[in-house]
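To start, the structure under review is shown below, and the notes come after it.
Protein chains get the first letters and strands the later ones, always in sequence-line order, with residue 1 at the start of each.
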Number of protein chains: 2
Amino acid sequence: MTLDILKLDNQLCFPLYAATRQFTKIYRPLLEKFNVTYPQYLVLLVLFETDTLSVKALGERLFLDSGTLTPMLKRMEERGLIQRARSFQDERVVEVSLTEKGKALESEIAEVPLAFTKEIKLEEEEYFEMKRILAKILDQV
Amino acid sequence: MTLDILKLDNQLCFPLYAATRQFTKIYRPLLEKFNVTYPQYLVLLVLFETDTLSVKALGERLFLDSGTLTPMLKRMEERGLIQRARSFQDERVVEVSLTEKGKALESEIAEVPLAFTKEIKLEEEEYFEMKRILAKILDQV
DNA sequence: GATAATTTAATTGTGTACAATCTAATTGTA
DNA sequence: TACAATTAGATTGTACACAATTAAATTATC
């Protein structure tokens, strides 16, 4: 039978899912020397932009919840990259910030997105069109 | 400081990663009544198209390895959706195929991609452009 | 035809993801 | 002010995802 609507090649989500995993596979060896995973790298990027952030705010930025972030942040804390501290104003809140060691990574780790861009060959217009459509999708959820 | 190249909004991989997870979050409740996860659903789609397939061939189609597939296929076998059997020709190979129960899902599960399409509003042209660029990316890895 | 090299799955260990639940703190409201 | 409702993170349990290794079968090479 095989209904057309069920064909793998007619799905949008599948190539998205596959490409994401292939991308993180490219990132892995690039991030290895910094001893961080791809999601941890994203946390660093947010913290390079925003000094201190609650777990909730971090989760909203990365679309992740505390079930994912709490253990991940603990690992990053153990490795001396970040600090976690209860807020004085609101004891429910945990504030996350970079340590000196974490801050020191910024200039070094800038080589990673550069190296990544070399691995993946897209026209500039394709790159921006892709980002535009993805932003439209993320806007809807 | 914050180098532009490290800004989260300048990354291509991040919105891809985020959108993929948001998409699978949309799929989850749609697939719940069939008691399958999104990656398991992808296995079903492949098997609707190809009767019998080795674990290796399945992995090549879905960009997954035996470390992911073996336990996932065992769960699907436990639930009576698929069969796993060593090949007679080559004892290294495990052949995967649908059970009658698995085959019976095809017509019912066709409602899932239809329901998904309603959730996510893209111009037809955006949908195809996205698929084209993703295919180009997957072609390179 | 013995044996080295390769191939296929399975296994092990680490790290996400996320739903569901829990706990403690804060806020809203009668 | 009591106390119900909400909120923030942590915890629990299940399911990927994948690198690295292992085990068994097959193929290549001498």
The single option from B:Glu129, B:Met130, B:Lys131 that satisfies side chain to side chain contact (heavy atoms under 4.5 Å, CB included) with B:Ile133 is B:Glu129
A:Phe23 vs A:Phe116, ring-ring contact (aromatic ring centres under 6.0 Å, His included): CA-CA, chis, key distance, verdict: CA-CA 9 Å; A:Phe23 272 8; A:Phe116 177 80; 5.0 Å; yes
To the nearest angstrom, the CG-P distance between B:Leu69 and C:dT11 comes to 14 Å
Out of D:dA15, D:dA19, C:dA17, minimum distance to the side chain of B:Thr37 belongs to D:dA15
Just so I know, are the side chains of A:Val46 and A:Leu62 near enough to count as touching, which here means a heavy-atom distance under 4.5 Å? yes
In whole angstroms, the gap separating C1' of C:dT14 from CE of A:Met76 amounts to 16 Å
From CE of B:Met72 across to C1' of C:dT11 the rounded distance in Å is 17 Å
> With the threshold set at 4.0 Å, does a side-chain nitrogen-carboxylate oxygen contact exist between A:Glu125 and A:Arg132?
Replying inline: no
Taken to the nearest whole Å, CG/B:Leu58 to P/D:dC16 is 13 Å
The residue, B:Gln22 or B:Ser66, whose nearest nucleotide of DNA chain C is more 5′ is B:Ser66
Checking C:dA9, C:dC18, D:dG9 against the side chain of A:Thr68 (C-beta onward), the nearest is C:dC18
Separation of D:dA15 atom P from B:Leu42 atom CG, nearest Å, is 17 Å
Among the nucleotides C:dA9, D:dG9, D:dA19, whichever has the atom closest to the side chain of A:Lys25 is D:dA19
Nearest heavy-atom contact between B:Leu105 and B:Phe34 is CD2-CD2, 3.6 Å
Of the candidates D:dA17, D:dA15, C:dT16, the side chain of B:Pro39 sits closest to D:dA17
From the candidates D:dA19, D:dT11, C:dT6, the one with an atom nearest any side-chain atom of A:Lys74 is D:dT11
To the nearest angstrom, the CG-P distance between B:Leu73 and C:dT8 comes to 16 Å
(request) Ignoring backbone atoms, test whether B:Arg92 places a side-chain nitrogen or oxygen under 4.0 Å from the OP1 or OP2 oxygen of C:dT6. (result) no
task: Report yes if a side-chain nitrogen or oxygen of A:Gln89 is closer than 4.0 Å to either non-bridging phosphate oxygen (OP1 or OP2) of C:dA25; otherwise report no.
output: no
Ranking A:Ser54 and B:Arg75 by the position along DNA chain D of their nearest nucleotide, the one closer to 5' is A:Ser54
Whole-Å distance, B:Leu81 CG to D:dA15 P, equals 13 Å
Testing C:dT26, C:dA17, D:dC18 for proximity to the side chain of B:Leu64, the answer is D:dC18
Look at the side-chain N and O atoms of B:Arg21 and state whether any lies under 4.0 Å from the OP1 or OP2 oxygen of C:dC18. yes
A:Arg86 CZ to D:dA10 C1', in whole Å, measures 8 Å
_Within the 4.0 Å heavy-atom criterion, would you say A:Thr24 contacts the bases, only the backbone, or no part of the nucleic acid?_
nothing
Quick note, A:Asp90 side chain, CB onward, closest among C:dA10, D:dA17, C:dA25 is C:dA25
query: Does C:dA10 have OP1 or OP2 sitting under 4.0 Å from an N or O in the side chain of B:Arg84?
result: yes
If you compare every side-chain N and O of B:Tyr17 against the phosphate oxygens of C:dA17 (OP1, OP2), does one of them come in below 4.0 Å?
yes
**Report entry** Pair A:Lys103 + A:Glu100, salt bridge at N-O below 4.0 Å
**Finding:** yes
Which of C:dC18, D:dT26, D:dT6 is nearest the side chain of B:Glu91? It is D:dT26
